Protein chains: 4
Amino acid sequence: MKTSEKIVHGSLKLFNEHGERSITTNHIAADLGISPGNLYYHFKNKEDIIQSIFSLYEAKLQDGFQPYVDQQVDVELLVGYFDTMFDILWHFRFMYTNITDILNRDQALLERYLIVQEQALARSSAILANLKKDGLLDIEDNDIRPLADTMRMIACFWIGYKQTHLSTVTIDKAVIYQGLLRVIMLLKAHATMSSLPTFKRLEQHYQQLANS
Amino acid sequence: MKTSEKIVHGSLKLFNEHGERSITTNHIAADLGISPGNLYYHFKNKEDIIQSIFSLYEAKLQDGFQPYVDQQVDVELLVGYFDTMFDILWHFRFMYTNITDILNRDQALLERYLIVQEQALARSSAILANLKKDGLLDIEDNDIRPLADTMRMIACFWIGYKQTHLSTVTIDKAVIYQGLLRVIMLLKAHATMSSLPTFKRLEQHYQQLANS
Amino acid sequence: MKTSEKIVHGSLKLFNEHGERSITTNHIAADLGISPGNLYYHFKNKEDIIQSIFSLYEAKLQDGFQPYVDQQVDVELLVGYFDTMFDILWHFRFMYTNITDILNRDQALLERYLIVQEQALARSSAILANLKKDGLLDIEDNDIRPLADTMRMIACFWIGYKQTHLSTVTIDKAVIYQGLLRVIMLLKAHATMSSLPTFKRLEQHYQQLANS
Amino acid sequence: MKTSEKIVHGSLKLFNEHGERSITTNHIAADLGISPGNLYYHFKNKEDIIQSIFSLYEAKLQDGFQPYVDQQVDVELLVGYFDTMFDILWHFRFMYTNITDILNRDQALLERYLIVQEQALARSSAILANLKKDGLLDIEDNDIRPLADTMRMIACFWIGYKQTHLSTVTIDKAVIYQGLLRVIMLLKAHATMSSLPTFKRLEQHYQQLANS
DNA sequence: AATGAATGAGTGTTCATTCAT
DNA sequence: TATGAATGAACACTCATTCAT
């Protein structure tokens, strides 16, 4: 792994563990066993590192929520989408804790964030529309986008919510899976008679993960 | 007003305007025209000030969401509750932006926060139960607490959500009123035939405030 | 002496001895036996310290070159002016070494510098005009200001000149006195028959100081 | 062009444009499209590069001010000398801004500087002596060297003077030509009746260049 | 109660220089 | 010859906190 990648991943790890605000560039360098100068050889400044982390985030968001085409809809397909959601929430969980702080300090990043969120919402809506077309969801067209938006909102603030409403501060994977279950619950409310078993199996899948 | 109270209110004002993180104890002292030494005469440290602000928050939360007894349910009653919600969101809006950060740094505060939130949830649930009993809500008993929880969740993260999904950062009163409308929408979904007009008038009331 | 004054004078001393560029704010604090935080309690930044030094410079320049009125012109009067010139060159000698560097970094200071230099030139010209009126100088009116300008130029760059054209880098008082003698030479070239002895005595006065 | 030469000329260009102090070795390497390691393969350190630039300066100074022999004195001859002066001031203008700084940091360079300046002064004096012998200057023998010295002093500090007494910082060719005119003025003051037209034509030549 | 000078560890960052390849 | 990653001491500056008065 190249040093610049090690810096990005090391920073991400430390940010997730201790919050972006309390991790200094010297902490990152020390943790990786490199000099602060070397860190600044690879990155202009701390913001630059955060922007690189954000690029990973963007890529994962764009890859993961592509509307399916000509595909049999089954539990595996849905699991794929929710696994992506888990992945993003888990790997970038510091962002869901500190995002306001971070975006407030970097106008350029805020703009990228707004764009990528808008795109993700559009693609999620398209997926829901597909599901409706394939008879899995019983929902009015006008309600598709609001549903996608609410699902996103729950997903986005689940970590922050849990972090403040739990006495143990550390967020583990089980907590994230609980959040997924909440989002699935929203979706299941629009299940059709025929799709209900599929959604129930989906729910069971993550229930198991949330309990382990 | 006593100096210690001036410090609490001055800090709250500055935190709301600029965020807790970027306001130093010296800023607070300078803004009040007192010396930093004096500030530390009245408060052990910055955390101590935040704890005092939190006490105000606690008091307002406890006063404002008392279940009504032997009272005619009308729009005024509901407006009373939602005005309290507005009051809290507006006066302590910095908390809804930086709460994770703040609670992460102070375990004692986190515990107070959990207790007060639990109590607020219990009282909110009791209010909803009252409304059901009085024929304003059509809802199963098991769903009362989850509904109260969801309403709280939306209320809590509305400010953070808006702050990140808007390109303009400043939160004004209208933005808070929009959040209230979202919460009312959740409630209205369980309105009875007879209570629907009441909820609609409630909605109109805040719609006007959100537009002004 | 107040701490802020100690910082200004301590900085001036260190700048004169080692050059402004190689003296850090931590050097200054360490030299005075105070903490870096304390230095920044009294001054916004390094530039702010330099600006305070510059204010001393301005004041001295304005006080020292006031055109005389209703006064007997004798050696003492001229010595007064040249002692001022010595004082400024000696106490602020770092400025004559690093001025380009310093002014390049601070546009506001450059503007103050241009104003104070222009005023000094005007007052010097007025003094020369007085000397002409009193029969000490034989010079055309049009040549008064250019003469003042040339005298200033020699005075200003003498230190830089000596610092580069001498193998010993340290500038001592004798070196400054030599510079004064060069400036006096320019003036003496316009002496009248009757004033020549006065200028010669002036020259002898500084010759003695330059040799000691 | 060999890499080491490219480094010298590239550095000179950047120093002239931005000042020696603000140009780092990494800037130089990046500007030339070579690696910092390669730069340090060719040069021991930054000082070493400056010393090489200084060698170019030395060479130009030695070539350009050779006393003429058995030659007809006309405007062209004088223009040749002053063009050399322009060339040196223009191509090494960063030295006239930062020389004190540079020489203070490098004792060896200071010694070379003193030697080359002394030789230049001697040669300039010889040229003036030639001009006197050929009837172009009316000057006492004792005054020849002081005149040469004053001319040098004006030439040397002209750039620094303009940089500080002008609100616009950029030094262009016209500014240098103005400096040359000041030096010519010093010389013209000692013109003989017969040489005056020659000096006037010399003056006009540079006047045109200063205005374009 | 109040002042305000003082502290000192820490912040993000820079840059001449080194070194394995 | 050349690369470019790596070093580390230094920089200007910050801020929660202390303390003598």
Side-chain angles (χ1 to χ4, degrees), chain A residues 2-4 6-7 21-30 32-50 105, chain B residues 2-4 6-7 21-30 32-50 105, chain C residues 2-4 6-7 21-30 32-50 105, chain D residues 2-4 6-7 21-30 32-50 105:
Chain A
K2 279 159 57 190
T3 298
S4 62
K6 287 200 313 207
I7 292 169
R21 208 59 197 241
S22 58
I23 293 298
T24 72
T25 51
N26 285 355
H27 284 143
I28 298 166
L32 293 171
I34 66 171
S35 65
N38 194 12
L39 188 147
Y40 277 87
Y41 173 76
H42 291 285
F43 292 91
K44 218 168 86 252
N45 50 35
K46 197 184 175 187
E47 213 95 288
D48 196 14
I49 298 174
I50 293 171
R105 267 154 33 212
Chain B
K2 280 161 56 191
T3 299
S4 60
K6 287 200 313 205
I7 292 169
R21 212 55 202 241
S22 59
I23 293 298
T24 72
T25 50
N26 284 348
H27 282 142
I28 298 166
L32 292 171
I34 67 170
S35 66
N38 195 11
L39 187 148
Y40 277 86
Y41 174 80
H42 290 283
F43 292 91
K44 209 166 94 255
N45 49 35
K46 199 183 177 186
E47 217 93 287
D48 197 13
I49 298 173
I50 293 171
R105 267 152 38 206
Chain C
K2 280 160 55 189
T3 299
S4 61
K6 287 200 312 206
I7 292 169
R21 208 59 197 242
S22 57
I23 293 298
T24 73
T25 50
N26 285 354
H27 282 143
I28 297 165
L32 293 171
I34 66 171
S35 66
N38 195 12
L39 186 147
Y40 279 87
Y41 173 76
H42 291 284
F43 292 91
K44 218 168 85 253
N45 49 36
K46 199 183 174 187
E47 214 95 287
D48 196 15
I49 299 174
I50 293 171
R105 266 156 31 213
Chain D
K2 281 161 55 191
T3 298
S4 61
K6 288 200 312 203
I7 292 168
R21 211 57 200 240
S22 59
I23 293 299
T24 72
T25 49
N26 284 349
H27 282 142
I28 298 166
L32 294 171
I34 67 170
S35 66
N38 194 12
L39 187 148
Y40 276 84
Y41 173 79
H42 290 284
F43 292 91
K44 209 165 94 254
N45 50 34
K46 199 183 176 186
E47 216 94 285
D48 196 13
I49 299 173
I50 293 171
R105 267 151 39 206

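All values derive from a computational prediction rather than experimental measurement. Chain identifiers are assigned alphabetically (A, B, ...) following the order of the sequence lines, protein sequences preceding nucleic acid strands; residue numbering begins at 1 within each chain.
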Review point. Does the side chain of H42(A) get closer than 4.0 angstrom to OP1 or OP2 of dG4(F) through an N or O atom?
Key: no
Check your understanding: Given dT7(E), is OP1 or OP2 found less than 4.0 Å from the side-chain N or O atoms of S35(C)?
Key -> yes
Review point. Rounded to the nearest 0.5 Å, how far does CZ of F43(D) lie from OG1 of T3(D)?
Key: 9.5 Å
**Study point:** Separation of K46(A) NZ from N26(A) CG (nearest 0.5 Å)
**Key:** 10.5 Å
Practice item. Might you point out which heavy atoms bring H42(D) and S4(D) nearest each other, and give the distance in Å? Key: ND1-CB, 4.0 Å
Nearest whole angstrom, please: distance from the [atom2] of [N] to the [atom1] of [X].
X	N	atom1	atom2	result
F43(B)	dC15(F)	CZ	P	21 Å
Y41(D)	dT3(F)	OH	C1'	13 Å
L39(A)	dT11(E)	CG	P	14 Å
I7(B)	dA1(E)	CD1	P	11 Å
D48(C)	dA12(F)	CG	P	14 Å

Review point. Which of these, I7(C), N38(C), L39(C), sits in a side-chain contact (heavy atoms from CB on, under 4.5 Å) with L32(C)?
Key: I7(C)
Review point. Counting only N and O atoms by type, is there a donor-acceptor contact under 3.5 Å from the side chain of K44(A) to the main-chain atoms of I49(A)?
Key: no
Under a 3.5 Å limit for both distances, which nucleotide forms a Watson-Crick or G-U wobble pair with [N], could you say?
N	result
dT14(F)	dA9(E)
dT21(F)	dA2(E)
dT7(F)	dA16(E)

Check your understanding: Between I34(A) and T3(D), which is nearer to the 5' end of DNA chain F once each is assigned its nearest nucleotide?
Key -> T3(D)
**Study point:** Side-chain heavy-atom pair R105(B), I50(B) within 4.5 angstrom cut-off
**Key:** yes
Exercise for review: Any chance you could list the contact pattern along nucleotides 16-21 of chain E? Use B for base contacts, S for sugar-phosphate-only contacts and - for none, protein heavy atoms under 4.0 Å, 5' to 3'.
Suggested key: BBBB--
**Study point:** Check against side chain to side chain contact (heavy atoms under 4.5 Å, CB included), Y40(C) and T25(C)
**Key:** CA-CA 9 Å; Y40(C) 279 87; T25(C) 50; 3.3 Å; yes
